Amino acid sequence: MLSLYVVLPLLTAVALIQGVLLAPLTILGGHPDLVLLTVLIWAFLRGTAEGAVWAFIGGLLLDLFSGGPLGGMTLALLLVAIFVSGRWGQGLGLTLLQLVLLVLVACFAYHVLLLLTLSWTGHPVDWQYSLARVAAPSAVLNALLAPFVHRPLAWLERKTRSEGLVLHGA
Amino acid sequence: MRRGTWRSWLPLLLLILSILLLILHETRALASVESALQLVIAPLQRGVTGLVEGAGDLFQTVREVRQLRAEVEELRQQVDALTAENVRLREYQAEVEELRYQHNFVIANPTWSFLGADVVGRSACLVAPCGEVIGQETNPYLRTVSINAGSAERVAVGMPVVTRGAVLVGRVAESDLHTSRVELLNDPSSSVAVFMQQSRATGLLVGQADGSLRVIYIPQEDTLQVGDIVLTSGIGGALPRGLVVGQVTEVIQQDFALFQEAVVRPAVDYRQMELVLVITSFEPLMQEEPTAEGQR
């Protein structure tokens, strides 16, 4: 059964892996973002409501590990989760190439939203550098990693399909 | 039916909640809640880091043992013991060197007050157990580190943080009960009044989006030299004078510009920091060098 008692520790573990192992990693300027990938793929597999809950929890955890404004990553993650789980994202279907393309677009949008919240909260943002040297490589990197994250999540989705989102622990 | 309605409203509710969080964070209304959450998060991060590094050490040890067994089976145990001892001694040596730098710095500034702390999880270590770095900044556009000293240890926002003797690494940006977040000099929000040791030119050191450091607002008439040491000027009173920041690696001078700029290489690799000192009090510079103050 997939309840919040499962989702919370699962996303906490993913966020810790992100914060401890993956955060220092950069490949040609791109940052692998496991929380983003997990939330995006789950939102795509399970729809808006469950995707939004995962995005909210995952974003909040990332915000707590970050020195940035609380709610900034949460908001960005929520918006892209709603985007991929909505009609636009679902309309793409799900072949491997479509998954990669969807994550590519969503990841870039996530970075733009992240920069907007930083800008809104008074942090100086170098848009040209950030979009070209961080957001774009991150989008490409995460799009390439998406199939590897999709596989275990698709398995989890199949195993828990009948349960849906359960807010109690039973 | 009811479940369907509830599910359709959930994303909107969470969206509103996250915007509310953002607003409450900006108005500092959530400071105590965030501080309380840090009490839970920081040990969790520290624990996972210890686990990960422990696992890494284990894999390395296994690999070494296999090599040794293949080569000289009879000496395996002896080599293992010596290798482990060597690693430990190197750690001790590095720690002693670090502490020696910091001790000399403290002795050289008898009127200042200091507080020793570790870069998030690298312990110092009365409050937290001695460990390794427990976490990094998860936002790719910010450059901060966490240290295991907070308001309970008299750390406050704005206090300068130094390492390896008198090398400034940043200032405290947020202080929770037992942890603080240090905004590094190469964060885009950071700006520090500095001067060059040889040329005596003054300017404002700012962090760049790519993580580099640059001194701006240097008057055109000043003659800059590559290799010049960049020090804090102490102007404004927020920082002590004379803390080392880095070294000039490139001078950018354009005839049509009002000011020239200098690219600066940091004196330490901010990713490799272990122990840091928070300067909790010092004698601020009250006068001198009005130029950079005006530019700031």
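Letters A, B, ... mirror the listed sequences (proteins, then strands); counts begin at 1. All values reported here derive from a predicted model rather than from experimental measurement.
Here B/Leu14 is the residue among B/Leu12, B/Leu142, B/Leu14 with the most heavy-atom pairs under 4.5 Å with chain A. The candidate from B/Ile19, B/Asp210, B/Leu21, B/Leu37 with the greatest count of non-hydrogen atom pairs under 4.5 Å with chain A is B/Asp210.
With hydrogens and angles ignored, the 3.5 Å screen pairs a side-chain donor or acceptor of A/Asn142 with a backbone N or O of A/His31.
Residue contact with chain B, scored on non-hydrogen atoms closer than 4.5 Å, is absent for A/Leu22. Looking at A/Thr12, the atoms closer than 4.5 Å to chain B (heavy atoms on both sides) all sit in the side chain, from C-beta outward. No part of A/Ala81 comes within reach of chain B, as not one of its non-hydrogen atoms sits under 4.5 angstrom from that chain. Within the 4.5 angstrom heavy-atom criterion, only side-chain atoms of A/Leu118, from C-beta onward, approach chain B. For A/Leu114, the part lying near chain B is the side chain, with the backbone staying farther off; criterion is any non-hydrogen pair under 4.5 Å. Contact of B/Gln38 with chain A is made through the side chain alone, with heavy-atom distances under 4.5 Å. With a 4.5 angstrom heavy-atom cutoff, B/Leu30 touches chain A only via side-chain atoms. Heavy atoms closer than 4.5 Å to chain B are found in the side chain of A/Thr117, but not in its backbone.
The aromatic rings of B/Phe259 and B/Tyr217 sit perpendicular to each other, their planes meeting at more than 60°, with 30° as the lower class boundary.
Residues B/Arg143 and B/Ser190 have side chains that never bring a donor and an acceptor to within less than 3.5 angstrom of each other.
The one candidate from A/Val35, A/Leu11, A/Thr74, A/Leu16 that meets the side chain to side chain contact (heavy atoms under 4.5 Å, CB included) condition with A/Leu61 is A/Leu11.
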